[in-house]
Structure formats: structure tokens, C-alpha cells
Amino acid sequence: MGQPLNLGIVGCGAISAQYLRTIDRLPQVRLVAVADLDPERARAAVAAYPGVDVLGVPELMADARIDAVLNLTIPAAHAEVALLAIAAGKDVYCEKPLAATGEDARRVLEAAEAAGVRVGCAPDTVLGTGTQTARQAIDDGLIGRPVAATATMVTPGHERWHPNPDFYYVPGGGPLLDMGPYYISSLVTLLGPVTTVIGAASRTRAKRTIGSGPRQGEEIPVTVDTHVTGVLVHESGALSTLVMSFDAVATKAPNIEVHGERGSLVVPDPNHFDGEVMLTRLGDEGPRPLPVSAGYAGAGRGVGLIDLAEGREPRAGGTLAFHVLDVMESLLASAHEGRAVDVESTCERPKPVALDGLGAERQSGG
């Protein structure tokens, strides 16, 4: 297999625990060090992983042992941390989104190209068996030529359960920027890049009331659209209809459906790695489940690091993440301007993932 990818993590908040569990199952990856603005939080995060150093951010970036940086900071810091890693000659893998704005994301990709390093980016849920099995069904022609897709995410708002939901309702938040990366990354994986968008958006109320925690009952301002819908025109000609809402109560709509001339697929929740793919072909009496046929089985957040470790351009990569961010920003621009907007960026449809089970969990993070 060769030498493992030596990894440093910047940012040890709640999401880091999910990444650490996955990294502990990847023999291709060796965790060397972590850093956080709160050193105690960093030490607590890796307490169960002996041999992992706790460093400051400058020390981690300068550490010659480290090949790649996993960037788990808040979205507003993604570009800054990524650029530090790139300047240090290290590959970088970011939590979603790649950056808070398309302009910052472009800076990251341009710096990486100039430095000759690679950029990966969540969501890597698209590498799991759910989306990948659906993709193989499409590639195998089981639904004929794809014509359309629907993607639906409906919730009454995260303030009902999140004790500090402010960031969901300021620029960079809202249902589209929060959950759109999962859905649009899956749609691009299934149907290819997007060329044009037509959007509409609304905001039901100017304030939200926190429903739990020490701030329960406190009102917070809403400065972003909380219901966004639109049509994505794919380069292939397929049309995807997207609904992302923090305003509605519930839906019976599948997370994603893909419709072709000879059949339709129900695709699992793109915020998860697995799930059942259902196929209904022309003339069938009803849907039937498809056997798992592609993707990383038993995957968790961080599985996208495998491509970096094995020397490939990441399939959950920076170019895809930039295109998805561009699609979302273009959709909001379309909604506010009342016109169709061309998406300036494009990307290659990511390469498929053959069926592969992750290894058993190791005894330590080394």
C-alpha cells in the first residue's frame, strides 16, 4: 500500500468526532496532530487517540511530518485555513462549504493549482452506497435517458432544537447554503454539471425563537431567505427541481427522485452515506429495491480522504465543491433578480466508486 497519508486536523468542534471515527478505520491515513483555538478542546477530542500531538495552528502548518490538513473550522474560516495549508505545501480537505463565498473559494483553488497541491471537500456522502448505487443504475441504463430529478428538504427550522442557531439565519446560512451542498453534490454526481438556474425565494418571518438550551425563548433576527426553490438545467439536458425550506412543517416527498424515459429512481437521503435505492421501470406494478452495487460500504464523514491517501484527484473534490457553491449563489441571484442565470463554472462528473467495504476499526488513532 505504501506510506499512509499523515494528517493534521484544524478545528476540533462537534463534527470532528465523526471524522475521527472514520479516520480510525482507514489504514491509508495516519493522524499526526490536531489544533484548535481552544487547546483544551483539542486535547479532549483526541484523548482516546494516543500519540496524536496537540499543536497551535502555525506549528501544525509548519510540521514537516504532515502531508495534508483536514479543515474542520467554521465556514467563515475555511478559506483562511485552506490558504495557510496550501502555502505550506500541503493538500487540504475542507468541511463544506469550500469557502463562505465563491470569490474566496476561487482563491483557494487558484492557490492550490499554483502550489501543485490537491483540494478535497465535503460532502463525501456522495461516495457512499446510496448515491453510488443510484449512479450505477443510471449509468447502466436502467431508467433510460435521464429527463428530470426532484430534490426536497423541508424542516420548520433548526432553532427548534439548536441552542445557538444564529448562524443559520445570517448570510452563508439559510436552507440552501446549509443543506444544498448535500443535495446539489448528489445531483451533479448523478446527472452531471449545471449550466443555468432559475430560482425563487421567500422569507416567512423576520425573527425566530430559540426553542432549547440556556437561550430558550430568545428571538434572533433572520437576514436570509428561508425557502428557496428553483430549476437546475444540467449540461446533459436533464432538469432538476430543488426545494430547500426552513419554513414548512413536513413532506412525504423523497429526498431525491430521478426520472428517465423508461424508469424512475428514489435515491436515499444525500446527508447519509447509505440507504435503499428504489427502482420503478415502465410497466412495473410498483417500486423494487436495488441491491447495493457501488460505493464505500459502512462509510462515514472523512471517507473522501481515501483519494488523497491513494494519490488520486479527490472525487469529493474542490472543483466539484466550487461548482456546487456557484450553483447555489447563482440560484439566489436568480431569485433576487427575477431572471435565469448562467452558471459560470463547470466540473467533470466525478468518477464512480466501485463497491468497497471499509476496514474494521483499529485500536487507536495511530
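- Between I9 and I23 there is a side-chain heavy-atom pair separated by less than 4.5 Å.
- Annotation: side chain of L31 is not in contact with side chain of V29 (no heavy-atom distance under 4.5 Å).
- Around CD of E103, the count of heavy atoms belonging to other residues, nucleotides or ligands within 6.0 Å does not exceed 12.
- Without hydrogens or angle criteria, D307 side chain to P314 main chain gives no donor-acceptor distance under 3.5 Å.
- Not a single salt bridge (charged side-chain N to carboxylate O under 4.0 Å, His left out) links R160 to another residue, sequence neighbours left out.
- The backbone N or O of V32 sits nowhere less than 3.5 Å from a side-chain atom of N6 that would complete a donor-acceptor pair.
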Please evaluate residues V126 and D124 with respect to the criterion side-chain contact (heavy atoms from CB on, under 4.5 Å), reporting the C-alpha separation (whole Å), side-chain torsions for both, the decisive distance (0.1 Å), and the verdict.
CA-CA 5 Å; V126 294; D124 52 9; 5.7 Å; no
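- The main-chain N or O of D178 is found under 3.5 Å from a side-chain atom of K96 such that the two form a donor-acceptor pair.
- Within a 6.0 Å sphere centred on CD1 of I15, other residues, nucleotides and ligands contribute more than 12 heavy atoms.
- Taking the side chain as every heavy atom from C-beta outward, P163 and I210 never approach each other to under 4.5 Å.
- Taking every heavy atom of both residues into account, R208 and D247 meet most closely at NH2-OD1, 2.6 Å.
- Taking the charged nitrogens against the carboxylate oxygens, E329 and R106 have no contact shorter than 4.0 Å, which rules out a salt bridge.
- For R349, the side-chain contact (heavy atoms from CB on, under 4.5 Å) criterion is met by R135, D139, not counting sequence neighbours.
- The environment of E219 atom CD is dense: over 12 non-hydrogen atoms of other residues, nucleotides or ligands sit within 6.0 angstrom.
- Rounding to the nearest 0.5 angstrom, the gap separating the CG atom in D53 from the CZ atom in R65 is 4.5 Å.
- For T155, there are no side-chain hydrogen bond (donor to acceptor under 3.5 Å, both in side chains) partners, not counting sequence neighbours.
- Under the 4.5 Å side-chain criterion, counting only non-hydrogen atoms from C-beta, V10 is in contact with M61.
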Let me have the donor-acceptor pairs involving side chains of residues 272-296, under 3.5 Å, with sequence neighbours excluded, atom names and distances please.
residue: R281; atom: NE; partner: L142; partner atom: O; Å: 2.9
residue: D284; atom: OD2; partner: R281; partner atom: N; Å: 2.8
residue: Y296; atom: OH; partner: R315; partner atom: NH2; Å: 3.1

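- Counting heavy atoms from C-beta on, the side chains of Q136 and T133 never come closer than 4.5 Å.
- Taking CG of L308 as the start and CG of L5 as the end, the distance is 6.5 Å to the nearest 0.5 Å.
- The backbone N or O of R339 lies less than 3.5 Å from a partner atom in the side chain of S334, making a donor-acceptor pair.
- For the pair E257 (side chain) and V266 (backbone), a donor-acceptor distance under 3.5 Å is absent.
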Check the pair V258, V267 against side-chain contact (heavy atoms from CB on, under 4.5 Å), reporting the backbone distance first and the verdict last.
CA-CA 7 Å; V258 180; V267 184; 4.2 Å; yes
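- Heavy-atom neighbours of E59 CD from other residues, nucleotides or ligands within 6.0 Å: above the threshold of 12.
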Show me the donor-acceptor pairs within less than 3.5 Å that the side chains of residues 227-235 make with the rest of the protein, sequence neighbours left out.
residue: H227; atom: ND1; partner: S245; partner atom: OG; Å: 2.9
residue: T229; atom: OG1; partner: L242; partner atom: O; Å: 2.9
residue: H234; atom: ND1; partner: G192; partner atom: O; Å: 2.8
residue: H234; atom: NE2; partner: S240; partner atom: OG; Å: 2.8

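- Nearest heavy atoms, R262 versus G141: NH2-O, 3.5 Å.
- Of all heavy-atom pairs between V154 and A248, the closest is CG1-CB, 3.4 Å.
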Could you pull out every donor-acceptor pair under 3.5 Å between side chains of residues 69-76 and any protein atom, sequence neighbours left out?
residue: N71; atom: OD1; partner: T73; partner atom: N; Å: 3.4
residue: N71; atom: OD1; partner: T73; partner atom: OG1; Å: 2.7
residue: N71; atom: ND2; partner: H78; partner atom: O; Å: 2.9

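- For C12 against A35, the heavy-atom pair with the smallest separation is SG-O, 3.9 Å.
- Separation of atoms CZ (R301) and CD (Q18) is listed at 5.0 Å; rounding is to 0.5 Å.
- Remark: the backbone N or O of V343 is not paired with any side-chain donor or acceptor of D326 at under 3.5 angstrom.
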Assess the residue pair V34 and L55 against the criterion (side-chain contact (heavy atoms from CB on, under 4.5 Å)); give the C-alpha distance rounded to whole Å, side-chain angles, the decisive distance to 0.1 Å, and a yes or no.
CA-CA 6 Å; V34 298; L55 304 174; over 6 Å; no
Give the intermediate values and the outcome of side-chain contact (heavy atoms from CB on, under 4.5 Å) for residues D67 and K90.
CA-CA 5 Å; D67 305 311; K90 304 182 191 303; over 6 Å; no
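- Side-chain atoms of E261 do not come within 3.5 Å of backbone N or O of G144 as any donor-acceptor pair.
- Summarising the geometry, atom CZ belonging to R118 is positioned 13.0 Å from atom OG1 belonging to T319; distances are rounded to the nearest 0.5 Å.
- In this structure P270 satisfies the side-chain contact (heavy atoms from CB on, under 4.5 Å) test together with Y182, Y183, S186, N255, I256, sequence neighbours excluded.
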Between R107 and E110, does a salt bridge (charged side-chain N to carboxylate O under 4.0 Å, His left out) hold up when you go through it step by step?
CA-CA 5 Å; R107 289 172 55 220; E110 289 176 348; over 6 Å; no
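- I66 CD1 to D91 CG: the interatomic distance, rounded to the nearest 0.5 Å, is 12.5 Å.
- The backbone N or O of Y169 lies less than 3.5 Å from a partner atom in the side chain of T223, making a donor-acceptor pair.
- Between D24 and R21 no salt bridge is recorded (no basic side-chain N to carboxylate O distance below 4.0 Å).
- When hydrophobic side chains of Ile, Leu, Val, Met, Phe, Trp and Tyr are connected at separations under 4.5 Å, V119 ends up clustered with L83, I86, V92, L98, V108, L109, V117, F322.
- The salt bridge (charged side-chain N to carboxylate O under 4.0 Å, His left out) search around R41 returns D36, not counting sequence neighbours.
- Across A238 and P146, no two heavy atoms sit closer than the pair CB-O, 4.1 Å.
- No side-chain heavy atom of T131 sits less than 4.5 Å from a side-chain heavy atom of T125.
- Atom-to-atom distance recorded for M244:CE and L331:CG is 10.0 Å, nearest 0.5 angstrom.
- Residues forming a side-chain hydrogen bond (donor to acceptor under 3.5 Å, both in side chains) with D166 (at least two apart in sequence, or on another chain): R215.
- Closest non-hydrogen pair, A134 versus L265, comes out as O-CD1, 3.7 Å.
- Looking only at distances, no side-chain donor or acceptor of S185 sits under 3.5 Å from a matching main-chain atom of P123.
- For H323 (side chain) and E348 (main-chain N/O), no donor-acceptor pair under 3.5 Å exists by modelled atom type.
- Sorted by first and then second residue, the side-chain hydrogen bond (donor to acceptor under 3.5 Å, both in side chains) pairs involving residues 192-203 (not counting sequence neighbours) are T196-D342.
- Shown here are the ring pair (Phe, Tyr, Trp, His ring centres under 6.0 Å) partners of Y168, two or more places apart in sequence or in another chain: H158, H162.
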